[in-house]
Amino acid sequence: MTKIFKRIIPLAFLLCSVILFGQNMTDIQYRFAPSIDYKINKKLKVAFNYRYDLYKDLDAFKSNLFEVSTQYEITKKIEVETGYRFTTSFFEDSHRIFLGVKYSHKLKDFTLSFASKYQFSTGSFDQDYMQYYKNPSNMFREKFSIEYNIPHSKVALYLAPELFLKYKNETFYFNRMRYKIGGEYKLKYGNTIGISVFYDDKINPQKTDRIVFSTKYNLSIDALIKKLKKDKSKTNKKRFKQFPQ
């Protein structure tokens, strides 16, 4: 595992360096994203996410983000997701409703996934606001990802390019490409930590491209409860062996 990290970390830094020095206008940003989820049954899961964003080369607060979502597993390979996101900053608020579908296929230690998502974003749901002040944004996102689960470890690494298409006036417009790499590490009691970095290459030359570093933490409540019950069961068995009836 150490050898793998020694190879991947220099590649990540090399990618970031090439992007930084190859672009005239690139903003470096950072995201901290804790989350919790709970699996109601074998197919349905609910999640709550928070995100704190910095931008302008990490020098200024950008926004706070709150998101609630549900995921439903149709089959072992196909799942659908829907949710609502609220973003607030010093300058404006934003609402987003999204709906997506994801297909995943496992090949030994690798998982190949394709996800398609539609998102509707607006500063307000007021009809006059959307009609006269600022039109809502309709975006389609198409993402392909490759995940590698390192054998005999709890580490997973992934690579995920993503295409953003904006729908306006009954026409699709190429908005930007996103190139993302990252990794996750599963801890005990339903805890997972992760790091990632992505580069947004925007088609509009008047808009600034960005490199975004992220750290995340997730707590799976059902996994935590399951682990605690398992530990309690083991403890009771040990006590029974020590003090038989």
Side-chain angles (χ1 to χ4, degrees), residues 29-41 43-55 58 60-73 79-102 104 111 113-125 136-143 145 147 154 156-160 162 164 176 178-200 210-227:
Q29 302 181 11
Y30 170 74
R31 295 175 173 180
F32 171 63
S35 62
I36 59 173
D37 63 57
Y38 178 69
K39 202 165 187 179
I40 298 174
N41 52 47
K43 292 183 175 293
L44 183 63
K45 181 169 70 173
V46 295
F48 175 79
N49 303 273
Y50 167 76
R51 200 177 78 200
Y52 178 84
D53 295 356
L54 297 175
Y55 73 142
L58 312 181
F61 165 77
K62 184 182 180 184
S63 62
N64 283 310
L65 181 151
F66 305 89
E67 180 180 294
V68 59
S69 63
T70 60
Q71 294 156 19
Y72 184 79
E73 190 178 280
E79 69 174 27
V80 292
E81 178 186 23
T82 185
Y84 165 76
R85 173 184 293 185
F86 174 70
T87 306
T88 181
S89 68
F90 292 138
F91 307 104
E92 63 179 357
D93 295 337
S94 177
H95 305 269
R96 175 181 296 178
I97 298 173
F98 57 89
L99 174 67
V101 60
K102 181 179 180 181
S104 301
T111 301
S113 302
F114 175 77
S116 181
K117 180 185 287 187
Y118 164 73
Q119 59 190 40
F120 172 89
S121 303
T122 180
S124 173
F125 289 110
S137 171
N138 295 279
M139 191 78 72
F140 289 83
R141 301 169 57 168
E142 313 299 326
K143 179 168 69 173
S145 63
E147 182 179 276
K154 297 181 180 181
L157 306 173
Y158 60 86
L159 171 67
E162 186 172 10
F164 288 71
R176 65 182 182 272
R178 175 174 294 177
Y179 307 94
K180 185 176 184 178
I181 57 174
E184 295 182 349
Y185 182 77
K186 290 186 177 180
L187 302 169
K188 294 181 178 180
Y189 299 97
N191 295 280
T192 303
I193 56 175
I195 58 172
S196 66
V197 57
F198 69 78
Y199 169 61
D200 267 354
R210 60 180 179 172
I211 296 176
V212 181
F213 295 89
S214 301
T215 55
K216 76 173 190 177
Y217 164 78
N218 182 71
L219 172 62
S220 177
I221 296 177
D222 55 292
L224 171 63
I225 295 173
K226 185 178 179 180
K227 178 63 176 174

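Just so you know, these numbers use all the heavy atoms, side chains as well, and skip hydrogens, waters and symmetry mates.
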Within 6.0 Å of CZ in F125, more than 12 heavy atoms from elsewhere = yes
inquiry  = Are the side chains of D53 and Q29 in contact, using a 4.5 Å heavy-atom criterion?
reply    = no
task = Supply the atom-to-atom distance K45 NZ to T70 OG1, rounded to the nearest 0.5 angstrom.
result = 11.0 Å
task = Kindly write out the residues that satisfy side chain to side chain contact (heavy atoms under 4.5 Å, CB included) with K43, not counting sequence neighbours, or none if the list is empty.
result = N41, Y72, E73
task = Please identify each residue that fulfils ring pair (Phe, Tyr, Trp, His ring centres under 6.0 Å) with Y52, with sequence neighbours left out.
result = F61
remark   = Between the CZ atom in F98 and the CZ atom in R141, the distance rounded to the nearest 0.5 Å is 9.5 Å
ask   = Quick one: CZ on F140 to NZ on K117, what's the gap to the nearest 0.5 Å?
value = 13.0 Å
inquiry  = Once rounded to the nearest 0.5 Å, what's the spacing between atom NZ of K62 and atom OG1 of T87?
reply    = 9.0 Å
remark   = In this structure, CG of L99 is separated from OH of Y118 (nearest 0.5 Å) by 9.5 Å
query = What are the two closest non-hydrogen atoms of L219 and Y189, and how far apart are they?
reply = CD1-O, 3.7 Å
query = For T82, what residues pass the side chain to side chain donor-acceptor pair (under 3.5 Å) criterion, not counting sequence neighbours?
reply = none
ask   = For T111, which residues count as a side chain to side chain contact (heavy atoms under 4.5 Å, CB included) partner, sequence neighbours excluded?
value = S104, K106, S113, E147, N149
task = Please list, chain by chain and in numerical order, all residues satisfying ring pair (Phe, Tyr, Trp, His ring centres under 6.0 Å) with F86, sequence neighbours excluded.
result = H95
query = Do you know which two heavy atoms are closest between P136 and F120, and how far apart they sit?
reply = CB-CE1, 3.4 Å
ask   = What residues form a side chain to side chain donor-acceptor pair (under 3.5 Å) with E184, not counting sequence neighbours?
value = K216
Enumerate, atom names and distances included, each donor-acceptor pair closer than 3.5 Å involving a side-chain atom of residues 30-38, sequence neighbours excluded.
unit_1 : atom_1 : unit_2 : atom_2 : d
Y30    : OH     : T215   : OG1    : 2.5
S35    : OG     : N218   : OD1    : 2.7
D37    : OD1    : S220   : OG     : 3.3
D37    : OD2    : N218   : ND2    : 2.9

key: E92: side chain to side chain donor-acceptor pair (under 3.5 Å) partners, not counting sequence neighbours   = none
task = Evaluate the side-chain proximity of V68 to V46: yes if any heavy-atom separation is below 4.5 Å, no if none is.
result = no
inquiry  = Just checking I195: does its CD1 atom have more than 12 heavy atoms from other residues, nucleotides or ligands closer to it than 6.0 angstrom?
reply    = no
query = Would K39 and K226 count as a side chain to side chain contact (heavy atoms under 4.5 Å, CB included) if you check the C-alpha gap in whole Å, the side-chain angles of each, and the deciding distance to 0.1 Å?
reply = CA-CA 11 Å; K39 202 165 187 179; K226 185 178 179 180; over 6 Å; no
request  = Could you walk me through whether S196 and K180 pass side chain to side chain contact (heavy atoms under 4.5 Å, CB included), step by step?
outcome  = CA-CA 7 Å; S196 66; K180 185 176 184 178; 3.6 Å; yes
message = Just to verify, what does E79 make a side chain to side chain contact (heavy atoms under 4.5 Å, CB included) with, not counting sequence neighbours?
response = Q71, K102
task = Output all residues satisfying salt bridge (charged side-chain N to carboxylate O under 4.0 Å, His left out) with R96, sequence neighbours left out; order by chain, then residue number.
result = none
ask   = Which heavy atom in N49 sits nearest to a heavy atom in S69, and how many Å separate them?
value = ND2-OG, 4.3 Å
inquiry  = Test of understanding: with ring pair (Phe, Tyr, Trp, His ring centres under 6.0 Å), list the residues that count as partners of Y50, not counting sequence neighbours.
reply    = F66
query = What pairs with S124 under side chain to side chain donor-acceptor pair (under 3.5 Å), at least two apart in sequence or on another chain?
reply = none
task = Could you tell me the separation between the CZ atom of F164 and the CZ atom of R176, rounded to the nearest 0.5 Å?
result = 4.0 Å
